[in-house]
Amino acid sequence: MSPAVGLDAHAQLAAEHEALIQFLYLAPVGLVQTGIDGEIAMINPISAQLLMPLSRDGCLTNLFAALEDVAPELRHLCETFARPNGMICDGLHIHLNSGVAGKRMRVPQVLSLSLLKLDGARLMAVLSDVSEQVRRERQLRQSDAWLNALLTSISDYALVGLDREGRVSDWNETIARVTGFTPAVVGQPYSVFYPEGATTPDLVGDRLRDADANGWSLDEGPRLRADGSQFFGSSMISPMPDRDPEDIADGEPAYCLVLRDISDKRDAIDRRRRSVFCDHLTGVANRRAFFEAAELELNRNRRTPRPTALILFDADHFKQINDRHGHPAGDRVLRQLGAALSLTFRQVDVVARVGGEEFAVLLPSSTLAGANAVAERLRQLVEGQPVGFEGASIAYTVSAGIAAIGAGETIDLDTLMQRADRALYAAKAKGRNRVVCWNGDLDAA
Ligand SMILES: Nc1nc2c(ncn2[C@@H]2O[C@H](COP(=O)(O)OP(=O)(O)OP(=O)(O)O)[C@@H](O)[C@H]2O)c(=O)[nH]1
């Protein structure tokens, strides 16, 4: 090798060494190069900052000595490392609180140390402050422990995570305890906990929107266990706190459903509800309950367009029944009609007595044709079932008028009621004991 070439190579080596030193100094982690006995040959500023609080006399000359109080095993670990090079320890957590004075915030509490044997004479240590990460992990473990304690100790609540579409996002013991459902329930809409007719896909979505708008949505009524048996329950849905809907991936929990078995409170709840919202004679909803429910449904309808139908039923020649058999007999007929309506319509339909012998039924998510079919079934049922009263058999019939809101149509409740009323009037005019659906011609007539 000529002297000139040797000089060039030497200069290049020196430059590379300089660049390496620069890197070590600027690296975002603590780096310390030591001899095999821990004597420090090079230390970058971050390491110095992390290790200085550990130094007893204020000078850092030996890594093992600096860490003696908090990681006394380190020296022995290196001495017994037999291989010529390799990783002596990787991400060893060194807890500083016990040996180091000053536990104020910002003073590192936990260091992570990786120690690499470079060759027979040199070690390289990589140090970082992982206090925050360890604190978060501990917090997470504590929250998990709390949650587990809750999940194992509560017996009459089921805590169900729901995804953005209202599907069960994960399973836990409380779901099994209250409903008997296995992990196979994951991915199913939460209506799986409702008996048939107690909710519809539209209502499932409505409750989620209500929870978004108001912070929560509560409903009470019959609930279903996995074995098909029912219980009286309350369902409270609330959006997961502090979660941006945009950030929630498919299948991740977006809502929390608290399903509670309140069978023991059913009587009290029923009594309270009946006294405010039920018609005292027939037990179906009263006028007030009907108009409240109908307004609510039409508001939902405006937000999420879908068909909704309204049927008005009126007992035919009811005055004659009263006149011929007496008022108590008339009352019996009205009670029987209320019961027949409750049995014929779904639980999501609102059956109400809105006048003396007039009943209204609001059918969410139903078309005119669908409502017509059920109204006709009810008409035939009444016609074929005379009411027994004090030895007399009282045959009677009903007439019905139906109006509906098509998906995307916006009609207010007054207009809907007027249309159903006109259809009912037409049914009476055509001879009674029939069902008539509203159409534009009725308005003209
Ligand atoms: N028993 C009983 N009768 C009632 C009650 N409320 C209203 N009525 C009676 O229902 C009858 C309604 O009579 P109308 O409005 O003339 O109607 P209708 O006889 O049914 O004749 P159409 O409706 O035209 O077929 C009246 O006689 C009322 O007194 C009630 O709670 N109990």
Side-chain angles (χ1 to χ4, degrees), residues 270-271 273-294 309-345 349-363 371-372 374-403 413-439 441-445:
D270 272 1
R271 264 199 307 278
R273 192 181 284 164
R274 260 200 305 273
S275 70
V276 183
F277 293 118
C278 281
D279 170 50
H280 66 280
L281 179 69
T282 60
V284 299
N286 60 20
R287 211 181 147 78
R288 170 186 170 180
F290 176 79
F291 281 98
E292 276 186 20
L310 170 73
I311 313 176
L312 291 181
F313 288 102
D314 189 282
D316 296 327
H317 298 307
F318 194 68
K319 187 171 178 315
Q320 287 176 17
I321 296 175
N322 275 337
D323 292 348
R324 196 170 299 158
H325 301 280
H327 208 271
D331 283 355
R332 169 73 63 85
V333 170
L334 290 178
R335 270 200 292 271
Q336 179 117 340
L337 179 54
L341 286 163
S342 299
L343 276 176
T344 304
F345 288 91
D349 299 331
V350 185
V351 175
R353 184 178 173 217
V354 291
E357 36 30 304
E358 186 168 300
F359 290 79
V361 186
L362 187 83
L363 298 91
N372 184 42
V374 199
E376 182 55 28
R377 195 143 40 88
L378 188 277
R379 186 197 66 72
Q380 289 176 19
L381 184 79
V382 167
E383 188 181 28
Q385 269 183 358
V387 177
F389 184 76
E390 294 180 354
S393 171
I394 307 170
Y396 76 106
T397 58
V398 288
S399 297
I402 310 179
L413 185 57
D414 275 354
T415 310
L416 190 68
M417 288 294 281
Q418 275 169 22
R419 288 181 180 179
D421 201 45
R422 260 173 224 150
L424 174 62
Y425 185 82
K428 294 272 182 187
K430 284 183 180 166
R432 297 177 175 78
N433 189 23
R434 68 194 61 223
V435 177
V436 171
C437 293
W438 178 87
N439 61 55
D441 296 345
L442 292 180
D443 277 350

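Since we're looking at a predicted model, the values are computed, not measured. In listed order, ligands and their atoms are each counted from 1.
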#### Entry: Residues Val354, Phe359; criterion side-chain contact (heavy atoms from CB on, under 4.5 Å); working and verdict
CA-CA 5 Å; Val354 291; Phe359 290 79; 5.9 Å; no
### Query
Closest non-hydrogen protein atom to atom 15 (O) of ligand 1, residue and atom name please, with distance?
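Protein heavy atom at minimum distance: Glu357 OE2, 4.1 Å.
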### Message
I need the nearest protein heavy-atom contact for atom 13 (O) of ligand 1: residue, atom name and distance, please.
### Response
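So the nearest neighbour among protein heavy atoms is Lys319 CB, 3.9 Å.
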Show the atom names and distances, to 0.1 Å, of all donor-acceptor pairs under 3.5 Å that link a side chain in residues 383-394 to residues at least two apart or in another chain.
| residue | atom | partner | partner atom | Å |
| --- | --- | --- | --- | --- |
| Glu383 | OE1 | Arg379 | NH1 | 3.3 |
| Glu383 | OE2 | Asn433 | ND2 | 2.9 |

### Query
Just going by heavy-atom distances, which of His327, Gln320, Arg353 is nearest to atom 31 (O) of ligand 1?
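That would be Arg353.
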### Identity of the nearest option to atom 7 (C) of ligand 1, non-hydrogen atoms only, from Pro328, Gly355, Gly356, Ala329
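Residue with the shortest heavy-atom distance to the ligand atom: Gly356.
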Is there side-chain contact between [X] and [Y], with heavy atoms separated by less than 4.5 Å?
X      : Y      : answer
Ile402 : Val436 : no
Met417 : Phe291 : yes
Leu424 : Ser399 : yes

### Task
Please say whether more than 12 non-hydrogen atoms of neighbouring residues, nucleotides or ligands are located less than 6.0 Å from OH in Tyr425.
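Open.
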Does [X] approach ligand 1 within less than 4.0 angstrom via side chain, backbone, both or neither, non-hydrogen atoms only?
X      : value
Arg335 : neither
Lys428 : side chain
Asn322 : side chain
Ala315 : backbone

### Task
Write out all pairs satisfying salt bridge (charged side-chain N to carboxylate O under 4.0 Å, His left out) with one or both partners inside residues 320-344, taking only residues at least two apart or from two chains.
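Residue pairs with at least one partner in residues 320-344: Lys319-Asp323.
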### Positive for side chain to side chain contact (heavy atoms under 4.5 Å, CB included) with Leu341, one of Thr344, Leu337, Leu343
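For Leu341, the side chain to side chain contact (heavy atoms under 4.5 Å, CB included) test succeeds with only one of Thr344, Leu337, Leu343, which is Leu337.
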Atoms in ligand 1 with a heavy atom of [X] nearer than 4.0 Å:
X      : result
Gly330 : 1 (N)
Asp314 : 23 (O)
Leu334 : 30 (C), 31 (O), 32 (N)
Arg432 : 22 (P), 24 (O), 25 (O)

### Message
Between ligand 1 and Asp331, is the shortest N or O to N or O distance under 3.5 Å?
### Response
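Yes: some nitrogen or oxygen of Asp331 is under 3.5 Å from one in ligand 1.
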### Task
Look only at interatomic distance and state if Phe318 has a nitrogen or oxygen under 3.5 Å from any nitrogen or oxygen of ligand 1.
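Min N/O separation from ligand 1 is below 3.5 Å for Phe318.
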### Any non-hydrogen protein atom less than 4.0 Å away from atom 4 (C) of ligand 1
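It does: a protein heavy atom is found less than 4.0 Å away from atom 4 (C) of ligand 1.
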### Task
Verify salt bridge (Lys or Arg N to Asp or Glu O under 4.0 Å) between Lys428 and Asp316, making sure each step is shown before the conclusion.
CA-CA 8 Å; Lys428 294 272 182 187; Asp316 296 327; 2.9 Å; yes
### Query
Under 4.0 Å between a Lys/Arg side-chain N and an Asp/Glu carboxylate O for Asp314 and Arg432?
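Salt bridge absent between Asp314 and Arg432.
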